[in-house]
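These numbers were taken from a predicted model, which means no experiment stands behind them. Here is the naming used below: chain letters follow the sequence lines, and residue numbers restart at 1 for every chain.
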There are 2 protein chains.
Amino acid sequence: IILTKTQTLAPYLRMFPAMRVKIAGLDPHQQYYIAMDIVPVDNKRYRYVYHSSKWMVAGNADSPVPPRVYIHPDSLASGDTWMRQVVSFDKLKLTNNELDDQGHIILHSMHKYQPRVHVIRKDFSSELSPNKPVPSGEGVKTFSFPETVFTTVTAYQNQQITRLKIDRNPFAKGFRDSGRNRTGLEAIMETYAFWRPPVRTLTFEDFTNMQKQQGKPKCVLWTFVG
Amino acid sequence: IILTKTQTLAPYLRMFPAMRVKIAGLDPHQQYYIAMDIVPVDNKRYRYVYHSSKWMVAGNADSPVPPRVYIHPDSLASGDTWMRQVVSFDKLKLTNNELDDQGHIILHSMHKYQPRVHVIRKDFSSELSPNKPVPSGEGVKTFSFPETVFTTVTAYQNQQITRLKIDRNPFAKGFRDSGRNRTGLEAIMETYAFWRPPVRTLTFEDFTNMQKQQGKPKCVLWTFVG
DNA sequence: GAATTCACACCTAGGTGGCAATAT
DNA sequence: ATATTGCCACCTAGGTGTGAATTC
């Protein structure tokens with residue numbers, strides 16, 4: 001076969017908007033991995049009902065997929081290095097291909113998921129691998145934020161999401177319509193928490209209080225195309 | 001000022017053809033860094049004499065520049081990992097900007113240089129940094145190959161080099177002239193050792209014999225534009 | 001009928017030598 | 001006179017949504 005240069009060779013997509021976190025409370029001289037995985041929120045499959053603009057349960061979840069972990073590319077780094085920067089997960093890739101062998105995170109379409117951030121001390125992490133679940137226990141802290149729950153799709157169900165991505169993702173610049181931007185964006189601002197991309201602080205010492213620091217949780221719809 | 005999108009923001013260049021080496025004799029379970037630096041061959045400045053097609057001495061070398069080390073991006077990795085692959089230095093960047101703060105390797109134009117490959121055991125490398133000379137002594141092995149000596153320029157002095165780069169570097173495809181390629185390439189094949197890119201084996205146990213394994217050394221002219 | 005796939009135009013981001021302009 | 005710089009067209013490589021075709 002002859003492949004044209006613009007052909008998509010693998011059905012995957014980056015996460016957008018990307019999750020970004022700020023870390024606090026690490027030992028500056030200790031080495032850490034930071035990783036993300038994405039876990040099901042419930043055991044249901046959903047469909048989008050247009051006339052009510054809502055996601056409705058449409059049966060039970062599909063069978064589980066191979067566990068995958070995105071190890072942040074700055075790993076391994078010292079606590080000091082991690083705490084100096086905003087840690088961004090913008091290169092994490094999602095796919096709905098259950099046979100994927102590129103290490104991308106595999107998800108079912110039309111399901112609800114939640115990303116989790118793991119901070120893993122090096123001396124407890126002998127078995128860390130993109131294809132194994134993150135170990136738990138001493139030296140591993142896991143964080144998740146309710147406002148980052150999202151629903152997977154293969155085609156956008158909501159015109160506001162399409163506009164958000166076109167207006168905010170640099171790679172979609174070709175679809176921008178300058179006449180529409182101002183008013184469209186203001187509507188999205190009121191609806192979604194990520195108008196300024198979420199930068200969250202993970203505090204080891206005060207994790208149990210963290211929910212209160214976040215402001216009001218909002219439902220964020222992220223999308224992916226298979 | 002307004003920057004156009006195609007403006008070059010930093011005066012640097014990749015090394016091409018890239019140096020590629022194959023490593024042998026490491027402890028598979030030990031961790032190693034692999035790094036490259038580039039050292040002056042002599043204390044001279046050169047100019048190219050067209051009518052004789054030779055480099056002639058044109059005075060003493062310019063003042064020394066800040067030492068820089070390119071740490072191979074796959075570092076830190078196990079001996080096993082390093083030995084499984086051809087280690088390529090194609091992303092190493094050169095500049096003639098003595099004030100460079102991007103960690104690129106700084107060289108003077110119109111001087112002769114030689115790249116060196118360093119294999120550094122992790123437990124001996126506490127001070128490894130892109131801005132410090134590579135440590136020497138126990139746990140550090142340094143290799144260099146006489147056929148990889150090159151002369152730096154800001155404009156090509158030799159049409160064969162221009163043809164080589166146009167015909168072999170994928171990013172220069174726009175300058176290829178299909179009518180010229182065949183005969184031009186054959187002339188270069190006879191002149192330069194890197195017609196097949198150099199893949200060299202570094203053997204810890206048998207380093208002193210290595211020169212003999214290499215075939216006849218040839219002078220390779222690499223170039224850079226500031 | 002709804003969900004998914006695919007080729008495509010259009011972007012971002014950055015690596016080429018050419019060549020005219022500038023610097024030494 | 002020679003060496004260097006800056007802008008450019010033209011590439012590689014890969015991330016977007018579109019809309020028609022396909023699948024289920």
Side-chain angles (χ1 to χ4, degrees), chain A residues 1-18 45-50 56 58 62 90-97 102 108-111 151-157 159 161-177 223-226, chain B residues 1-18 45-50 56 58-59 62 90-97 102 108-111 151-159 161-177 223-226:
Chain A
I1 65 168
I2 297 176
L3 301 180
T4 67
K5 52 186 162 184
T6 57
Q7 185 165 352
T8 301
L9 296 173
Y12 65 80
L13 201 67
R14 283 194 187 176
M15 182 181 273
F16 186 89
R45 167 178 253 280
Y46 289 80
R47 68 188 187 88
Y48 193 75
V49 180
Y50 293 88
M56 307 290 284
D62 296 342
D90 58 327
K91 292 195 175 58
L92 180 153
K93 292 195 174 80
L94 307 174
T95 183
N96 65 342
N97 176 11
Q102 306 301 302
H108 286 126
S109 186
M110 314 306 275
H111 290 239
T151 308
T152 51
V153 297
T154 58
Y156 296 137
Q157 309 290 334
Q159 185 60 27
I161 293 299
T162 308
R163 284 185 188 167
L164 172 83
K165 301 192 90 168
I166 288 175
D167 291 333
R168 299 289 293 176
N169 190 323
F171 294 105
K173 201 176 187 178
F175 298 99
R176 285 184 198 163
D177 168 13
T223 57
F224 87 113
V225 176
Chain B
I1 65 168
I2 297 175
L3 302 179
T4 68
K5 50 186 164 185
T6 58
Q7 185 165 354
T8 299
L9 295 173
Y12 65 80
L13 201 68
R14 281 195 188 177
M15 181 181 275
F16 186 89
R45 166 178 256 278
Y46 289 81
R47 69 186 185 90
Y48 192 74
V49 181
Y50 293 87
M56 308 290 285
D62 296 341
D90 59 326
K91 291 194 175 59
L92 181 152
K93 291 195 174 81
L94 307 173
T95 183
N96 66 343
N97 176 12
Q102 306 301 303
H108 286 127
S109 186
M110 313 307 274
H111 290 239
T151 307
T152 50
V153 296
T154 59
Y156 296 138
Q157 309 289 332
N158 179 331
Q159 186 59 27
I161 292 298
T162 308
R163 284 187 189 163
L164 172 83
K165 301 192 89 167
I166 288 174
D167 290 333
R168 300 290 294 176
N169 190 321
F171 294 106
K173 202 176 188 177
F175 298 99
R176 282 182 201 165
D177 168 12
T223 58
F224 87 113
V225 175

statement: Winner on side-chain proximity to B/Arg14, out of C/dT16, C/dA3, D/dT18, is C/dT16
- line: By side-chain hydrogen bond (donor to acceptor under 3.5 Å, both in side chains), A/Asp90 pairs with (sequence neighbours left out) A/Ser88
Shortest non-hydrogen contact between A/Asn97 and A/Thr95, atoms and distance: N-OG1, 3.1 Å
message: Using OP1 and OP2 only, check whether a side-chain N or O of B/Ser109 sits under 4.0 Å from D/dT4.
response: yes
- prompt: Any idea which of D/dG15, C/dA9, C/dG17 is nearest the A/Tyr12 side chain?
  reply: D/dG15
- request: Report the nucleotide, chosen from C/dT12, C/dG18, C/dA3, that has the shortest atom-to-atom distance to any side-chain atom of A/Pro170.
  value: C/dT12
field: Length of the line joining B/Gln159:CD and C/dG18:C1', which is rounded to integer Å
entry: 11 Å
Nearest-Å distance for atom pair CZ/C1', residues A/Arg47 and C/dT4: 17 Å
task: Specify the separation, in whole Å, of atom CZ of A/Phe16 and atom C1' of C/dC11.
output: 14 Å
message: Rounded to whole Å, how long is the line connecting atom CD1 of A/Ile166 with atom C1' of D/dG17?
response: 6 Å
From C/dT16, C/dT12, C/dA3, nucleotide with atom closest to A/Phe171 side chain: C/dT12
- prompt: A/Asn96 has a side chain; which of C/dT4, D/dT5, C/dG15 sits nearest to it?
  reply: C/dT4
task: Please check the phosphate of D/dT16 (OP1 and OP2 only) for any side-chain N or O of A/Lys173 closer than 4.0 Å.
output: no
Angle between terminal axes - the helix from C/dG1-D/dC24 to C/dT24-D/dA1, 5 pairs each end, rounded to 10°: 10°
field: Length of the line joining B/His111:NE2 and D/dA3:P, which is rounded to integer Å
entry: 12 Å
- request: Between B/Gly174 and A/Ala172, just flag the one whose closest nucleotide in DNA chain D comes earlier from the 5' side.
  value: B/Gly174
- request: Look at the side chain of B/Met110 and decide which nucleotide, out of C/dA3, D/dT4, C/dG17, has an atom nearest to it.
  value: D/dT4
query: Can you list the residues that meet the side chain to side chain contact (heavy atoms under 4.5 Å, CB included) rule with B/Lys91, with sequence neighbours excluded?
result: B/Arg14, B/Tyr70
task: Between C/dA9, D/dC11, C/dA3, spot the one nearest the side chain of A/Phe175, thanks.
output: C/dA9
field: Shortest side-chain distance from A/Tyr156, nucleotide among C/dT16, C/dT4, D/dT16
entry: D/dT16
- prompt: At what distance, to the nearest 0.5 angstrom, does CG of B/Leu164 lie from CD of B/Gln159?
  reply: 11.5 Å
- request: Write down the distance between CG (A/Asn97) and P (C/dC6), rounded to a whole number of angstrom.
  value: 10 Å
- request: Could you tell me whether A/Lys93 contacts a base, only the sugar-phosphate backbone, or nothing, with contacts defined as non-hydrogen atoms closer than 4.0 Å?
  value: sugar-phosphate
statement: note: A/Met56, atom CE; C/dA3, atom P; distance rounded to Å ~ 14 Å
Rounded distance (Å) that lies between atom P of C/dT12 and atom NZ of A/Lys91: 16 Å
field: Results of salt bridge (Lys or Arg N to Asp or Glu O under 4.0 Å) for A/Arg45 - residues two or more places apart only
entry: A/Asp62
task: Heavy atoms only: give me the nearest A/Gln157-A/Ala155 pair and the separation to one decimal.
output: NE2-O, 3.1 Å
message: On the nucleotide C/dT5, are OP1 or OP2 found under 4.0 Å from the side-chain N or O atoms that A/Thr154 carries?
response: no
Contacts of type side chain to side chain contact (heavy atoms under 4.5 Å, CB included), residue A/Tyr46, not counting sequence neighbours: A/Asp42, A/Lys44, A/Trp55, A/Val57, A/Lys112
- prompt: Are the side chain of B/Thr152 and the backbone of B/Met110 linked by a donor-acceptor contact shorter than 3.5 Å?
  reply: yes
